[in-house]
Peer 1: 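One structure, pasted below without further comment.
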Number of protein chains: 2
Amino acid sequence: MTIPDKIVGANAERSRSHNRKVVLDRIRASGEVGRAEIARTSGLSTQAVSNIIADLLDDGLINELGRRSGVRGLPAVQYGLNPKGGFALGVEIRPDAVFAAAIDLCGTPILSRRQILFAKNLRAVSDTVLALSHEVKRDVGVPSSKLLGTGIVMPGPFEATGLGGSASELPIWHDVDPQAWFEDLLGGPVVVANDANAAAVSERVSGAAKGLSTYAYLYFGTGLGLGIVQDGRLVTGAFGNAGEIGHIPVPSASGVAPLESMVSRLSVQNYLATAGIEVRNSNYLSQAYSAGQPALMDWLSAASGPLSTAIAIVENMLDPETVILGGALPDAIIDHFLTSVTLPDRSVSYRSDRAVPRLMRGGSGRMTATLGGAALIINRTFMPQIAA
Amino acid sequence: MTIPDKIVGANAERSRSHNRKVVLDRIRASGEVGRAEIARTSGLSTQAVSNIIADLLDDGLINELGRRSGVRGLPAVQYGLNPKGGFALGVEIRPDAVFAAAIDLCGTPILSRRQILFAKNLRAVSDTVLALSHEVKRDVGVPSSKLLGTGIVMPGPFEATGLGGSASELPIWHDVDPQAWFEDLLGGPVVVANDANAAAVSERVSGAAKGLSTYAYLYFGTGLGLGIVQDGRLVTGAFGNAGEIGHIPVPSASGVAPLESMVSRLSVQNYLATAGIEVRNSNYLSQAYSAGQPALMDWLSAASGPLSTAIAIVENMLDPETVILGGALPDAIIDHFLTSVTLPDRSVSYRSDRAVPRLMRGGSGRMTATLGGAALIINRTFMPQIAA
DNA sequence: TGCATTAACTCAACTGTGTTGATTTATCAA
DNA sequence: TTGATAAATCAACACAGTTGAGTTAATGCA
């Protein structure tokens with residue numbers, strides 16, 4: 001579940017792989033750059049950059065974008081990412097269905113599919129994932145050879161912990177390492193993460209966190225999750241279960257309760273259920289919010305306090321550039337939180353010289369985490385590292 | 001205050017520097033290894049390892065330790081770290097005094113000094129730091145040329161935040177970047193961090209976290225701090241202020257209060273003060289604890305709850321291998337907490353297959369953070385990275 | 001208009017570092 | 001004693017980045 005490619009020694013080949021990523025990352029960051037500038041910002045010689053650029057052009061990962069003039073000297077040939085140069089697959093395994101999506105090298109979603117999960121055994125899950133990923137690969141409009149890898153998203157926590165009841169706690173994964181299993185099944189690089197982590201990385205690849213490298217993402221799933229990104233890398237903890245913020249105890253009307261008992265999709269549903277309202281489909285909450293439905297409004301104001309606490313905890317513990325709110329709740333409700341939350345003054349994030357807002361809205365909707373799975377792969381493609 | 005050496009391109013020279021660290025780190029981890037084994041575990045050829053070992057021997061960083069026999073084949077020549085191969089300086093700047101210490105390559109403390117701070121202006125602090133570091137370098141018994149760098153420890157938070165009142169908030173550092181300033185003053189590599197982060201890294205270099213790479217350290221300073229280590233690197237946040245756990249709001253008798261108002265050295269002092277007891281010197285708490293002084297015992301039982309909450313938060317948010325408790329409180333009191341704290345069942349850290357205890361005691365005493373400053377440098381010496 | 005200046009880029013020789021495969025050395029085991 | 005085993009060395013080689021000289025194509029000034 002973590003992504004810490006083992007640190008190994010460097011040799012010529014691995015250095016080149018590292019440097020390709022360095023160059024690729026500068027191109028992505030700038031949108032459009034010339035070789036000389038890449039050389040200046042990367043600590044490589046122009047010659048080295050030239051050679052790597054030639055490689056990347058050969059591989060179709062980048063495009064030539066004409067020359068930039070306006071300054072003295074020979075106009076620099078500009079390069080930019082080629083969206084069709086590669087794509088990544090995201091596969092999200094939920095208790096009732098499997099979702100799959102593809103995004104291109106620039107992080108733009110290409111297509112998505114879903115399929116009901118008829119049984120919860122390893123065989124059924126594997127078959128569904130395999131069928132779905134084949135389907136997406138076939139329809140994606142880019143040669144399969146350009147598949148960079150697959151990001152598998154499934155609910156944490158991973159391995160046996162004190163937090164029961166999650167889908168991945170099903171006997172399926174007790175004896176099987178998901179990463180190895182899917183690498184074997186799908187035949188390319190595979191990364192496994194939970195929904196919050198996937199969603200967090202997604203923001204960096206194509207969302208609110210573009211250009212940021214240290215931030216946190218509060219993910220409204222069934223529960224409440226947290227994705228922590230430091231220097232462009234996920235902070236996943238020792239066993240891949242970091243970010244289980246929903247389980248921390250916070251003050252509540254009845255003493256102390258887990259945060260996610262007050263702030264999560266499940267908690268709205270429970271709250272509305274006690275008012276005799278059943279959340280039938282995914283649009284219900286959105287409509288109820290527009291209609292100003294009283295029970296929902298009550299929940300919202302009840303949830304604001306604990307959510308503020310959560311943000312205070314995240315800010316003070318992680319000192320992020322920003323905290324992003326997103327996940328499986330309607331945009332409108334997340335926007336509501338953005339304004340209703342009270343950001344504490346006593347926080348390391350309370351500073352006057354901020355370049356980014358303390359709070360932002362990230363991706364939302366039911367595909368957020370699935371797309372995030374693919375984003376894990378794209379992010380890795382651009383993350384310089386010496387690895388085996 | 002972060003240590004994120006900028007990611008740059010690799011070349012032959014930087015690869016060698018990276019590989020030296022890879023080799024050095026394996027030697028440290030094993031205590032005693034042969035070249036062939038290093039090669040196997042590092043992804044380098046034996047020849048490359050041989051060349052690097054020759055380099056390291058030349059530089060005096062490692063020693064030859066004879067041959068290991070007992071197996072078939074040519075007995076492997078074993079190598080181990082040479083403690084005298086290098087040393088690091090830690091300098092801690094407190095409101096009233098400056099502490100300095102030196103540790104050797106193996107993390108063993110060599111000597112320490114202190115000096116009262118007569119004024120709090122930049123000049124006075126600089127002079128004191130410079131004088132003290134010269135003194136330590138002179139008396140350390142290892143040539144100054146073997147100084148690997150200096151770790152400066154000062155109370156966070158850094159830069160202007162919503163958390164006032166800390167020493168580094170003094171006007172001194174408003175216009176001056178401490179890292180650049182001390183690099184200029186002391187003339188070698190300098191790392192700046194707060195006490196909790198320094199103490200956390202210290203455990204990894206020579207304490208309870210030896211061999212661990214992902215853990216958290218709850219530091220009892222004047223307030224309550226947290227050092228977060230993931231994959232051997234400090235998680236410092238975007239502005240170096242991650243870990244300000246003392247400021248997060250938790251339930252208290254009077255509603256909600258900052259954690260460190262109940263769990264910190266200052267909070268004991270305040271608590272005892274209301275009972276008419278003044279904490280006069282650093283041994284007082286230790287003696288009071290042995291004597292079973294009622295007011296202190298009251299505070300201890302009052303603090304256990306909030307401390308348990310803090311640990312629950314840390315475990316669930318960071319999924320560490322272990323949580324280490326240490327800092328400026330007597331051993332006995334920290335040991336008391338180790339047993340009095342109730343570890344929540346609902347935690348990602350509640351697992352049966354643990355290799356390390358959930359809770360451990362780390363270094364304590366007044367030099368903990370100072371030694372940690374030096375440990376920052378030692379840790380960096382062994383951390384493989386392609387950097388300029 | 002012409003020429004100096006500037007900066008990107010290329011070429012070719014060179015350098016540093018790791019890899020490879022054959023060979024040597026030292027110990028264990030039969 | 002001899003063969004198996006594994007560490008270590010040697011020497012030729014490959015890869016990738018660097019260096020410095022030379023080329024190209026703009027700008028800016030006379």
Side-chain angles (χ1 to χ4, degrees), chain A residues 7-24 26-27 30 32-59 62 64-79 384 386-388, chain B residues 7-24 26-27 30 32-59 62 64-79 384 386-388:
Chain A
I7 289 173
V8 293
N11 57 19
E13 192 182 339
R14 298 199 273 252
S15 290
R16 172 58 81 106
S17 151
H18 172 94
N19 288 346
R20 273 173 69 109
K21 291 176 186 204
V22 169
V23 169
L24 219 38
R26 311 277 156 167
I27 295 176
S30 323
E32 185 167 326
V33 243
R35 285 174 271 199
E37 194 183 332
I38 295 173
R40 277 191 298 268
T41 60
S42 67
L44 291 169
S45 62
T46 47
Q47 188 56 56
V49 173
S50 263
N51 296 338
I52 291 166
I53 289 279
D55 256 30
L56 295 173
L57 279 171
D58 263 8
D59 295 351
I62 57 173
E64 203 177 304
L65 300 174
R67 306 185 98 100
R68 185 173 90 166
S69 58
V71 281
R72 272 199 173 185
L74 207 175
V77 178
Q78 305 292 103
Y79 298 90
I386 299 284
Chain B
I7 290 174
V8 294
N11 56 21
E13 193 184 338
R14 297 200 275 249
S15 290
R16 172 57 85 111
S17 151
H18 171 93
N19 289 347
R20 272 174 69 109
K21 291 175 186 202
V22 169
V23 170
L24 221 36
R26 311 275 155 170
I27 295 176
S30 321
E32 186 165 326
V33 247
R35 286 173 268 197
E37 193 184 332
I38 296 173
R40 277 191 300 269
T41 60
S42 67
L44 291 168
S45 61
T46 48
Q47 187 56 57
V49 173
S50 262
N51 296 337
I52 292 166
I53 289 280
D55 256 31
L56 294 172
L57 280 171
D58 262 8
D59 295 352
I62 58 173
E64 204 176 305
L65 301 174
R67 306 183 99 101
R68 186 172 88 166
S69 57
V71 282
R72 273 197 173 186
L74 206 176
V77 178
Q78 305 291 105
Y79 298 91
I386 301 283

Peer 1: In whole Å, I'd like the distance from the CZ atom of B:R68 to the P atom of D:dA8.
Peer 2: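 Distance, rounded to whole Å: 11 Å.
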
Peer 1: Just compare C:dA26, C:dG18, C:dA8 and give me whichever is closest to any side-chain atom of B:S45.
Peer 2: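 When the side chain of B:S45 is considered, C:dG18 is the closest of C:dA26, C:dG18, C:dA8.
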
Peer 1: Check every strand shown and say whether A:R40 touches a base, only sugar-phosphate, or nothing at a heavy-atom separation below 4.0 Å.
Peer 2: sugar-phosphate

Peer 1: Would you mind reading off the distance between A:E13 atom CD and D:dA16 atom P, rounded to a whole angstrom?
Peer 2: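 Answer to the nearest Å: 7 Å.
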
Peer 1: Specify the separation, in whole Å, of atom CG of A:L56 and atom P of D:dA16.
Peer 2: 13 Å

Peer 1: So if I take every side-chain heavy atom of B:A48 and compare against C:dT19, D:dG3, D:dA26, which nucleotide ends up nearest?
Peer 2: C:dT19

Peer 1: With the side chain counted from C-beta on, respond yes when A:V22 and B:V8 share a heavy-atom pair under 4.5 Å apart, and no when they do not.
Peer 2: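 A side-chain contact is absent here, since even the closest heavy-atom pair is not under 4.5 Å.
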
Peer 1: Using only modelled atom types and a 3.5 angstrom limit, is any donor from either the side chain of A:R72 or the base of C:dT6 paired with an acceptor on the other?
Peer 2: no

Peer 1: Once you apply a heavy-atom cut-off of 4.0 Å, does A:N19 come out as touching a base, just sugar-phosphate, or nothing?
Peer 2: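 Counting heavy atoms under 4.0 Å across all strands, the contact made by A:N19 is with sugar-phosphate only.
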
Peer 1: Expressed as a whole number of angstroms, how long is the span from A:R14:CZ to D:dA14:C1'?
Peer 2: 15 Å

Peer 1: Could you state the CZ-C1' distance from A:R35 to C:dC11, rounded to the nearest angstrom?
Peer 2: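 One finds 13 Å between C1' of C:dC11 and CZ of A:R35, rounded.
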
Peer 1: Measure the shortest side-chain to side-chain distance between B:I52 and B:R16 over non-hydrogen atoms and say whether it is less than 4.5 angstrom.
Peer 2: yes

Peer 1: For atom CD of A:E13, decide whether the heavy atoms of other residues, nucleotides or ligands shown that lie under 6.0 angstrom number more than 12.
Peer 2: no

Peer 1: Is any side-chain N or O of A:Q47 under 3.5 Å from a base N or O of C:dC11, one able to act as donor and the other as acceptor?
Peer 2: yes

Peer 1: Round to the nearest Å and state the distance from A:I53 atom CD1 to C:dT10 atom C1'.
Peer 2: 15 Å

Peer 1: Rounded to whole Å, please give me the gap between CG in B:N51 and C1' in D:dA8.
Peer 2: 12 Å

Peer 1: Within the structure shown, what part of the strands sits under 4.0 Å from B:S50 by heavy-atom distance: base, sugar-phosphate, or nothing?
Peer 2: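 Sugar-phosphate: the residue B:S50, judged by heavy atoms under 4.0 Å, touches backbone atoms but no base.
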
Peer 1: So, does B:R16 get its side chain near the phosphate of C:dG18, meaning an N or O under 4.0 Å from OP1 or OP2?
Peer 2: yes

Peer 1: Count the heavy atoms belonging to other residues, nucleotides or ligands that lie under 6.0 Å from CZ of A:R67, then report whether that count exceeds 12.
Peer 2: yes

Peer 1: Nearest heavy atom decides the nucleotide; on that basis, is B:V77 or A:S15 closer to the 5' end of DNA chain D?
Peer 2: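 Its nucleotide being nearer the 5' end, the pick is B:V77.
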
Peer 1: Could you please name the option among C:dT19, C:dT17, D:dA8 that lies closest to any side-chain atom of B:L74?
Peer 2: D:dA8

Peer 1: Find the distance B:R67:CZ to D:dA6:P and express it as a whole number of Å.
Peer 2: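 Rounded to whole Å, this separation is 16 Å.
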
